[in-house]
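Structure record follows, encoded as structure tokens.
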Amino acid sequence: MAIDTPKPVRGTQDIFGAEAEAFAFVVETFERVRRLYRFRRVEMPVFERTDVFSRSLGETTDVVSKEMYSFLDRGGESLTLRPEFTAGIARAYLTDGWRQYAPLKVATHGPLFRYERPQKGRYRQFHQLDAEIIGAAEPQADVELLAMADQLLKELGVADGVVLQLNTLGDAASRDKWRAALIEHFRSVAAELSEDSQQRLEHNPLRILDSKEERDRRFVADAPQIDQFLSGEAQDFFGAVTGGLDAAGVAWTRNPALVRGLDYYRHTAFEFVTDRLGAQGTVLGGGRYDGLMESLGGPETPAVGWAAGIERLAMLVGARGEDVTDVIIVAESDDTIHLAIKATARFRELGYSAELLASGSPRKRFDKAAKSGANAIVSLRTDMSGVTSNVREANPAAGKIEQAWLQMKPFILP
RNA sequence: GCGAUCGUAGCUCAGUUGGUUAGAGCGCCGGUUUGUGGUACCGGAGGUCGCGGGUUCAAACCCCGUCGAUCGCCCCA
């Protein structure tokens, strides 16, 4: 009776080989860069009580109603696999007394879960890098955060073809006025908008601005812009951010159509965008979310943050080779296997990556080792003169390995 | 939720207008050759042709359904 092999869950991925190396490279680079900017590492739970997300995102939104992995635990409590980092970090800031550290710069990375249709650069379990500055109202925090993002992309070697798009949503009052003006503008031409955008007019009018429909374009082009509604303070804030970016040497372009769907976003919104990833071009995005803490029952707390998809960054980084093995020890005859094990252990103690090759047809073992592209091969075999060894150096990097072998040889061979 | 394309060996893919026992390369295993050697040759294992139904004398191939993958739409915290 054959047993069916369980299939992987839709939207999950098993990352292996060169892709896994690219993934690790992204994470390692992030860890290095966040230390340069003195962001403190935090480890967050992978699941939270559902209200952590539903209250911060808004009960009625699509994201909450159908794109979260929510379930009842055995105690009957509704829990949710985290679909983002920000809400959980905000919760911890309030419940763990992190206010004492404000302004607090934290960074983390790990898996997130969203119930969505998989497509290029989009998975149901995916992974993000995340950086937040909490309790900092000043525009310098935005600049610092963006400078780190910019340096990260440069150090990953993916900055080419990636542009920082920047916008401001203003303070709450500016934002509300802009929103009202947009609704009025689009409502007057509603019949001529695309079907999708007519829907958006009802529940998310700001999204009409980045509609992909050709027929929406001309109405988007002459839509009211946020600049007409910005208060003096909001203008000053945005000016301080852009001025700071210029001083930090961070290139940016204004995108007045860049918006955020959620109400808690204020002031700065930004995305690093590329055209090299198909329909999912945002590589890193974030903004200022001064209104979030209050939705979780906390005091008014200014904060700004970003997140970046590790898979998308890894795709831009491209496949990366795995490290070549320093040395392969080949037991060319079975009676040398114990000697080969000993030698392998010794090489590893000395800090060389070493692989033992002692299986399969003895006469093909050396060829297999040679094909693997290791820096050096030490082969052992018994012939009429006893156990003999042979070192083969594939490249100049192997000189030290031969020296190491010559030193350990008297202690290993009989 | 919607649409398009695609599912043949571990991997990459052939497979003609439907026609005998479904193939190749790579990889894997074994043998021979070579014997400081990454060579060459021979052999072997490995397939419910995603799954289920239908049409037909006959289906990997045509039709329907289903599952999965990919890409896009919607959405995007």
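Just so we're on the same page: letters track the sequence lines, and every chain starts at 1.
Going from the P atom of A22(B) to that of A9(B) covers 14 Å, rounded to whole Å. If you take atom C1' in U55(B) and the same atom in U70(B), they sit 30 Å apart, rounded to whole Å. Between G3(B) and C49(B), the distance separating the two P atoms is 29 Å to the nearest Å.
With hydrogens and angles left out, the side chain of K364(A) and the base of G31(B) share a donor-acceptor pair within 3.5 Å. For C75(B), its base sits under 3.5 Å from the side chain of R122(A) at one donor and acceptor pair at least. Evaluation of atom-type donor-acceptor distances gives no pair under 3.5 Å for the side chain of R363(A) against the base of G30(B).
Checked by atom type, the side-chain pair S174(A)/D171(A) shows a donor-acceptor distance below 3.5 Å.
Secondary-structure stems of RNA chain B, taken as three or more successive Watson-Crick or G-U wobble pairs (i with j, i+1 with j-1) under a 3.5 Å distance threshold, comprise B:1-7 with B:67-73, B:10-13 with B:23-26, B:28-32 with B:40-44, B:50-54 with B:62-66.
Residue contacts for Q119(A): at a heavy-atom cut-off of 4.0 Å it reaches a base atom on one of the strands shown.
A close approach under 4.0 Å does not occur between any side-chain nitrogen or oxygen of R117(A) and OP1 or OP2 of G68(B).
Side-chain proximity of Y265(A) to the nucleotides A77(B), U70(B), C73(B) is greatest for A77(B). The side chain of A370(A) lies closest to G38(B), out of G38(B), C29(B), C76(B). If you check C29(B), A77(B), C73(B) against the side chain of K368(A), the one that comes closest is C29(B).
Figure legend: R124(A) and Y115(A) shown as a cation-pi pair, the cationic atom lying under 6.0 angstrom from the six-membered ring centre and within 45 degrees of its axis.
Ring orientation note: the planes of F347(A) and W405(A) are close to parallel, at an angle under 30° on the 30°/60° scale.
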